[in-house]
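Encoded as structure tokens, the structure appears first; notes follow it.
A, B, ... follow the sequence lines: proteins, then strands. Residue 1 opens every chain. Quick note: numbers below take in every heavy atom, side chains included, and nothing from hydrogens, waters or symmetry partners.
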Protein chains: 2
Amino acid sequence: MGELGRPAYLRLADLLRSRILSGEHQPGGRMPSIADLCRQHGLSEQPVRQALRVLNAEGLTEGRPGSGTYVRRRPAPARIPRGRYDAAGSPFAGASRDPGPGGVPHWTHDSQKTWATGALALRLRIAEGDPIMQTQYVFLAADRPAQLSTSWEPLALTGGTAAARPEYGPLAGLGVVERMARIGLTVTRVTEDVTARPVLEAESGPLDVALGSTVLSIERTHWAGSLPVETADIVLAAERSRLVYEIGVPAEITPESDVLR
Amino acid sequence: MGELGRPAYLRLADLLRSRILSGEHQPGGRMPSIADLCRQHGLSEQPVRQALRVLNAEGLTEGRPGSGTYVRRRPAPARIPRGRYDAAGSPFAGASRDPGPGGVPHWTHDSQKTWATGALALRLRIAEGDPIMQTQYVFLAADRPAQLSTSWEPLALTGGTAAARPEYGPLAGLGVVERMARIGLTVTRVTEDVTARPVLEAESGPLDVALGSTVLSIERTHWAGSLPVETADIVLAAERSRLVYEIGVPAEITPESDVLR
DNA sequence: TCGAATTTGTGCGTATGTATC
DNA sequence: GGATACATACGCACAAATTCG
């Protein structure tokens with residue numbers, strides 16, 4: 001019954017969206033119930049539900065079981081500084097700088113020894129099957145899961161030293177650069193490869209995001225010259241994150257003579 | 001009928017996903033049809049469709065009407081270097097470095113004078129209504145749209161100089177840092193704020209991506225000290241892009257004395 | 001070249017169970 | 001208990017694209 005080309009649930013979604021954006025439905029306010037919308041627009045449950053699902057997926061509304069559908073208040077995404085290397089650099093140095101309201105940020109971790117598989121071996125430039133230390137982090141800010149991270153370090157470098165387990169012993173919580181420095185490895189640069197992709201099912205629970213939504217994925221590697229000493233996968237909810245990179249401009253590029261003007 | 005806690009469509013999705021990841025279904029290959037899956041698993045259409053929808057949303061598969069559901073082959077996303085500032089820095093210096101197969105990268109541009117609105121005025125630290133030069137770029141690589149960009153510069157800085165229009169005159173194609181240097185403004189740093197969001201309707205055509213998909217959005221600002229001299233919005237298809245940032249580690253952090261070992 | 005069968009996508013009415021308020 | 005919302009599942013119809021005889 002394509003009355004007007006555009007399907008019923010999309011027309012309803014358009015209508016409700018424009019009402020929300022125009023302020024007719026205030027942030028935090030309740031939308032009409034599904035039954036109400038059925039009556040008001042002469043539709044059955046299914047198209048009404050689909051319309052609401054569209055708005056939920058767009059992040060405009062949020063359904064609370066047993067209560068109603070509410071217009072979302074949109075917190076500005078957290079700024080997560082990632083440029084400039086920071087001496088206090090724990091894995092979450094940047095993000096933990098600002099406690100924000102609702103609680104001091106903290107994290108849990110879990111290290112275990114494993115062996116490098118294909119892709120990982122490539123990233124660390126070691127052979128497949130070489131032993132590595134794997135550490136998983138769940139980072140919480142304001143009592144909400146903010147960031148997942150899995151870090152790998154070749155045990156050929158750290159094995160037998162105090163730096164073998166990132167979060168144990170005298171070097172716990174020091175950050176990769178400092179910890180490596182203590183065992184004689186000078187980290188000279190860090191690379192971060194940023195991509196966005198749909199959230200995996202395994203991540204959607206810990207990150208507290210819906211299954212269809214997208215995450216920012218950072219593939220980070222610490223280098224000592226051309227030798228990778230650590231690499232990590234960092235995953236953040238895209239809706240809540242804004243990565244801030246700062247890029248220095250070498251002085252050579254800026255000539256002292258003003259040619260024009 | 002919650003036979004095993006986990007709903008039928010998720011169990012089926014898990015099964016199919018593991019088959020794909022294990023290589024049982026090859027990239028480019030066809031999945032069993034919906035009718036087949038119904039028969040094989042004793043399910044009705046609905047849960048089977050939902051399972052496939054999950055895999056589609058995860059980007060693992062792709063349905064082609066009239067033909068079937070296929071395992072996606074994932075072309076490696078283009079590496080787009082954005083760290084280190086590059087002397088040859090046109091707006092697309094990084095991306096244009098490597099011609100790649102299929103054609104030399106090139107771009108189109110279009111400049112026009114406008115006036116700063118609220119958010120833009122804040123980013124450029126000028127007053128609302130101040131005149132600015134707006135330049136829009138469409139960047140093509142291998143004859144495919146790769147990147148959209150809109151750049152703004154306060155005319156209070158560049159007005160009346162040869163640098164007023166980025167792509168005209170003797171300074172055309174020079175890049176922001178070089179161009180500003182020619183009129184006596186020394187760019188000292190560049191900041192990039194990276195977010196991911198659903199593609200806008202206006203972008204989906206020029207970028208050649210489907211309407212539901214997501215883009216990487218970069219808000220870039222060139223600074224001369226604490227003075228913004230240029231800011232730009234850069235938009236790329238997330239599936240095809242991988243931003244590479246390189247972060248230098250200052251030497252101070254790395255002590256010369258090896259304490260342990 | 002034509003047409004029928006297959007296949008996915010979309011829309012929608014319905015029903016059942018469960019959690020929350 | 002009642003209202004509400006959510007998740008799951010079944011059935012049906014049609015559109016659009018593709019495949020194949």
Side-chain angles (χ1 to χ4, degrees), chain A residues 1-16 20 25 28-72 199 201 204-205 208-213, chain B residues 1-16 20 25 28-72 210-213:
Chain A
M1 296 241 173
E3 302 233 0
L4 255 162
R6 206 162 171 72
Y9 80 96
L10 278 183
R11 274 180 296 153
L12 178 56
D14 290 346
L15 176 65
L16 296 177
I20 291 169
H25 295 296
R30 222 197 80 159
M31 303 287 294
S33 78
I34 291 182
D36 283 349
L37 290 171
C38 289
R39 277 188 291 274
Q40 288 167 22
H41 300 90
L43 295 169
S44 78
E45 266 192 58
Q46 221 68 318
V48 173
R49 286 176 178 291
Q50 272 219 282
L52 291 179
R53 199 177 306 158
V54 167
L55 297 181
N56 285 344
E58 288 174 1
L60 278 176
T61 59
E62 176 188 15
R64 294 177 213 157
S67 174
T69 300
Y70 293 81
V71 181
R72 255 202 181 172
V199 68
E201 218 211 300
S204 93
D208 188 24
V209 295
L211 241 175
S213 56
Chain B
M1 297 228 176
E3 303 233 2
L4 254 165
R6 204 163 173 71
Y9 80 95
L10 278 184
R11 274 181 295 153
L12 178 56
D14 290 346
L15 176 66
L16 296 178
I20 291 170
H25 294 295
R30 223 198 80 162
M31 303 288 293
S33 78
I34 291 180
D36 285 347
L37 290 172
C38 290
R39 277 188 291 275
Q40 287 166 24
H41 300 89
L43 294 168
S44 76
E45 266 196 10
Q46 226 68 323
V48 173
R49 284 178 181 288
Q50 268 219 282
L52 292 178
R53 202 176 305 154
V54 167
L55 298 181
N56 285 344
E58 287 175 1
L60 276 177
T61 60
E62 176 189 15
R64 291 178 215 158
S67 177
T69 300
Y70 294 81
V71 181
R72 265 204 180 173
L211 246 177
S213 56

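- Here B:R39 pairs with B:A35, B:D36 under the side-chain contact (heavy atoms from CB on, under 4.5 Å) rule; sequence neighbours left out.
- Not a single side-chain hydrogen bond (donor to acceptor under 3.5 Å, both in side chains) links B:R53 to another residue, sequence neighbours left out.
- A search for side-chain hydrogen bond (donor to acceptor under 3.5 Å, both in side chains) contacts involving B:S67 returns B:Y70, not counting sequence neighbours.
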| remark: Whether each nucleotide of nucleotides 2-8 of chain D has a protein heavy atom under 4.0 Å at its base (B), only at its sugar-phosphate (S) or at neither (-) is summarised, 5' to 3', as --BSB-S
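- With sequence neighbours excluded, the residues forming a side-chain hydrogen bond (donor to acceptor under 3.5 Å, both in side chains) with B:E45 are B:R49, listed by chain and number.
- In this structure B:T61 satisfies the side-chain hydrogen bond (donor to acceptor under 3.5 Å, both in side chains) test together with B:N56, sequence neighbours excluded.
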